There are 2 protein chains.
Amino acid sequence: MHSREIFNIVKARRESLNVTQETLAQLSGVALRTLKQFESGKGNPTLQTLQKLGDALGLEVTVIIKNKGIN
Amino acid sequence: MHSREIFNIVKARRESLNVTQETLAQLSGVALRTLKQFESGKGNPTLQTLQKLGDALGLEVTVIIKNKGIN
DNA sequence: GTAAAAAGTGCAGCAAAACGCACTTTTTTA
DNA sequence: TAAAAAAGTGCGTTTTGCTGCACTTTTTAC
């Protein structure tokens with residue numbers, strides 16, 4: 001599970017845009033409390049929630065599924 | 001939201017391995033009912049649930065986040 | 001150094017993801 | 001084509017992601 005890394009990217013992006021958690025919450029439709037959880041490294045987000053954050057931050061969120069090793 | 005496509009990949013993979021929904025449920029730890037929902041195109045999975053299915057199917061599940069357009 | 005802004009946290013409630021069960025429908029196979 | 005296996009569905013329960021509120025801590029700006 002690499003949700004920690006995902007949250008870090010979201011946070012970095014938000015900061016690089018000079019946007020507060022509160023503003024991002026409003027823009028994305030994800031609750032401030034939820035954002036705070038994510039940025040402090042907790043949580044198991046749904047695809048929909050990730051998508052909302054990505055949309056608001058101008059990020060393209062894609063799930064890649066590929067074979068592991070030889071098949 | 002491309003969860004539909006993700007579910008299709010999971011289903012295709014399961015079928016190519018000749019594994020039933022029931023067996024995949026056991027192997028992955030995701031409930032049979034939940035799998036059925038997914039494969040019939042419904043649901044908004046968490047990263048953890050996707051990961052469980054990927055693990056059981058020998059698939060690598062990765063979330064890619066990249067900039068949209070010019071930044 | 002202090003006030004304001006932003007970020008982090010505990011707690012409780014709600015909505016929905018995940019689940020189990022019983023049943024029906026579709027597909028497979030003998 | 002009948003029986004068995006697999007897949008799909010309705011419904012109720014449990015679990016947990018998401019939320020709001022109140023508060024504390026940290027960071028920023030004056």
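Reminder, nothing fancy here: chain letters follow the sequence lines and each chain counts from 1. A quick note: this is a predicted structure, and the numbers were derived from the prediction, not measured. Values below: all heavy atoms of this structure, side chains included; hydrogens, waters and symmetry mates excluded.
- Distance check, rounded to the nearest 0.5 Å: NE2 of H2(A) to CD1 of I9(A) gives 8.0 Å.
- Sequence order on DNA chain D of the closest nucleotides to L35(A) and K11(B) puts K11(B) first from the 5' end.
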query = Is there a side chain to side chain contact (heavy atoms under 4.5 Å, CB included) between L47(B) and L50(A) once you walk through the steps?
reply = CA-CA 10 Å; L47(B) 288 190; L50(A) 274 187; 4.1 Å; yes
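- Side chain of T20(A), nearest nucleotide from dT9(C), dA7(C), dT9(D): dA7(C).
- Here OG of S28(A) is found 12.0 Å from CD of Q51(A). Values are rounded to the nearest 0.5 Å.
- dA18(C) atom C1' lies 12 Å from atom CG of L53(B), rounded to whole Å.
- When the side-chain contact (heavy atoms from CB on, under 4.5 Å) test is applied to Q21(B), the partners found at least two apart in sequence or on another chain are R14(B), L32(B), L35(B), K36(B), E39(B).
- Residue pairs meeting the side chain to side chain donor-acceptor pair (under 3.5 Å) criterion with at least one member in residues 56-66 of chain A, sequence neighbours excluded, do not occur.
- Across the protein-nucleic acid pair, K36(A) atom NZ and dC21(D) atom C1' stand 12 Å apart, rounded to whole Å.
- The 12-atom threshold is not exceeded at CD of E22(B), counting heavy atoms of other residues, nucleotides or ligands nearer than 6.0 Å.
- Of the residues in residues 21-33 of chain B, those with a non-hydrogen atom less than 4.0 angstrom from any atom of DNA chain C are G29(B), V30(B), A31(B), R33(B).
- Taking side-chain N and O atoms only, R14(A) has a distance below 4.0 Å to OP1 or OP2 of dA7(C).
- Between its two ends, the helix from dG1(C)-dC30(D) to dA30(C)-dT1(D) turns its axis by 60°, counting five pairs per end and rounding to 10 degrees.
- Within the 4.0 Å cut-off from OP1 or OP2 of dT9(D), at least one side-chain nitrogen or oxygen of K42(B) is found.
- When the side chains of ILVMFWY residues are joined at heavy-atom separations under 4.5 Å, either directly or via intervening members, V61(A) and I64(B) end up in two distinct hydrophobic clusters.
- Checked against side-chain contact (heavy atoms from CB on, under 4.5 Å), S40(A) has no partners two or more places apart in sequence or in another chain.
- Whole-Å rounding puts the F7(B) CZ to dA18(C) C1' distance at 12 Å.
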Check the interface with nucleotides 15-17 of chain D: list each N/O to N/O pair with the protein under 3.5 Å, or write none.
residue, atom, partner, partner atom, Å
dG17(D), OP1, N44(A), ND2, 3.4

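- Under the 3.5 Å distance criterion, the side-chain polar atoms of N44(B) are matched with a main-chain donor or acceptor of Q48(A).
- The two residues F38(B) and P45(B) come nearest to each other via the heavy atoms CZ-CB, 3.7 Å.
- No continuous path of ILVMFWY side-chain contacts below 4.5 Å connects V10(A) to L27(A), so the two sit in separate hydrophobic clusters.
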